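To keep things clear, I will list the structure first and then write my remarks on it.
In listed order, ligands and their atoms are each counted from 1. The model shown is predicted, which means the values in this text are computed figures rather than measured ones. Computed over heavy atoms, backbone and side chain alike; hydrogens, waters and symmetry mates excluded.
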Amino acid sequence: MIPELTLRRPDDWHVHLRDGKALASVLPHTARQFGRAIVMPNLKPPVTTVALATAYRNRIRAARPAGSDFEPFMTLYLFDNMPVEEIDRAKAAGFIAGCKLYPAGATTHSDAGVTDVRHIDNVLARMAELGVVLQVHGEVTHEHIDIFDREAQFIDEVLAPLVERHPKLKVVLEHITTRAAVDFISGARAGVAATITPQHLTYNRNEIFRGGIRPHFYCLPVLKTELDRRALIEAATGGNSRFFLGTDSAPHARGSKESSCGCAGMYSAHAALEIYAEVFEEAGALDRLEGFAALFGPDFYEVPRNEGTVTLRRDEWSIPRAYAFDGDIVIPMRSNEKLRWRMISA
Ligand code: DOR
Ligand code: ZN
């Protein structure tokens, strides 16, 4: 049994840090675990310009715990008729990791998103020219498509043609949930990758309904079948550099989840790396955790790998039932449960 595991300091390539008091509540967790993170732009109003991204970045940096050298990478929220010049400004800014495609209506605060990707083809072309990465929330929104089929349908209907139309564009399919997505990414052209969350590696969709309806297991894309989960585990632990870490940690106050119309999102920033470590250990692939968590992401985004290390010790601890959040509480992933790994130093 390995008592300790030291890895190059990891990064989170997809996280929701929110803003204001909520930001102050969750940032210490992310900043403790990760050297850098790509921060999603789905605020209200969304982060659609470099000016807004700059101001948001400054708020995040100002909210870091004393002594933290955590660095946020920002994203711009794509919308119909976005001016192409914004992409030039994004490239020049130096801290913008890409632009996020939210199909309008697909998830939390996506109503201002893109109604048809054809409307942003000129923007995507400029992104390809300048090497700005496209991050994709991969779900169609059609009412007639079953919620469990929305990712697979998006790949066929939107993503596969988009990747062909823009052969130089770097694309990350975010928080993949299906075997179909694993197969698509594995077989795609160079420059196409995916992030995988701890919740989609840990649970299948039964969890949402186990003994009653459990809103804290509701996220988007929604949890899928056990076969899908196994495909994700194989992808994450298989050493393929196209698959890397992105928690999609998405905190909501307890009351907004435990509601007749609860919000989508699971909070995992408090223990993300430890949860991934359990998944990798169970798959017999602890030696591949470092690639997934700390090497493949920076290589894809063409930024240097982090210099420092983090150490996990095999030392059981209990995750609290809740953490303080925005004057309320957030129920974290694995709430009230024991974890085998504990991060002891960063
Ligand atoms: O579950 C989710 N929550 N999925 C998303 O795509 C957005 C996120 C959020 O911002 O709450
Ligand atoms: Zn997200």
Pair Tyr323 and His29, ring centroids less than 6.0 Å apart: yes
Nearest non-hydrogen protein atom, atom 3 (N) of ligand 1: Ala264 O, 3.0 Å
Examine Tyr267 together with His270 and report whether their ring centres are nearer than 6.0 Å. yes
Let me see the working for His137 and Ser110 under side-chain contact (heavy atoms from CB on, under 4.5 Å), right down to the final yes or no. CA-CA 10 Å; His137 183 108; Ser110 65; over 6 Å; no
Judging by distance only, is a nitrogen or oxygen of Leu220 under 3.5 angstrom from one on ligand 1? yes
Ligand 1 versus His137, non-hydrogen atoms closer than 4.0 Å: side chain, backbone, both, neither? side chain
Verify the ring-centre separation between Tyr276 and Phe292: is it less than 6.0 angstrom? yes
Within 4.0 Å of some non-hydrogen atom of Thr107, the atoms of ligand 1 are 2 (C), 4 (N), 5 (C), 6 (O), 7 (C)
Any heavy atom of Arg18 closer to ligand 1 than 4.0 angstrom? yes
Taking both backbone and side-chain atoms of Gly265, is any N or O found less than 3.5 Å from an N or O belonging to ligand 1? yes
State yes or no: are the ring centers of His175 and His14 separated by less than 6.0 Å? yes
Of all the N, O or S atoms in His16, the one nearest to the Zn ion (ligand 2) is NE2
Looking only at heavy atoms of His252, does any of them come nearer than 4.0 Å to an atom of ligand 1? yes
Is any NZ, NE, NH1 or NH2 atom of the basic residue among Glu282 and Arg340 found under 4.0 Å from an Asp or Glu carboxylate oxygen of the other? yes
Per-atom filter on ligand 1: closer than 4.0 angstrom to a heavy atom of Cys219 are 1 (O)
Contact flag His14/the Zn ion (ligand 2), N/O/S atoms, threshold under 2.8 Å: yes
Ligand-side contact atoms (ligand 1) for residue partner Ala250, heavy atom cut-off under 4.0 Å: 3 (N), 8 (C), 9 (C), 11 (O)
Is the Phe296 to Phe243 ring centre distance short of 6.0 Å? no
Among the N/O/S atoms of Asp248, select the one at the shortest distance from the Zn ion (ligand 2) and name it. OD1
So is there a nitrogen or oxygen of Asn42 less than 3.5 Å from a nitrogen or oxygen in ligand 1? yes
Any side-chain donor paired with an acceptor under 3.5 Å for His142 and Gln153? no
Hey, do the aromatic rings of Phe217 and Tyr203 have their centres closer than 6.0 Å? yes
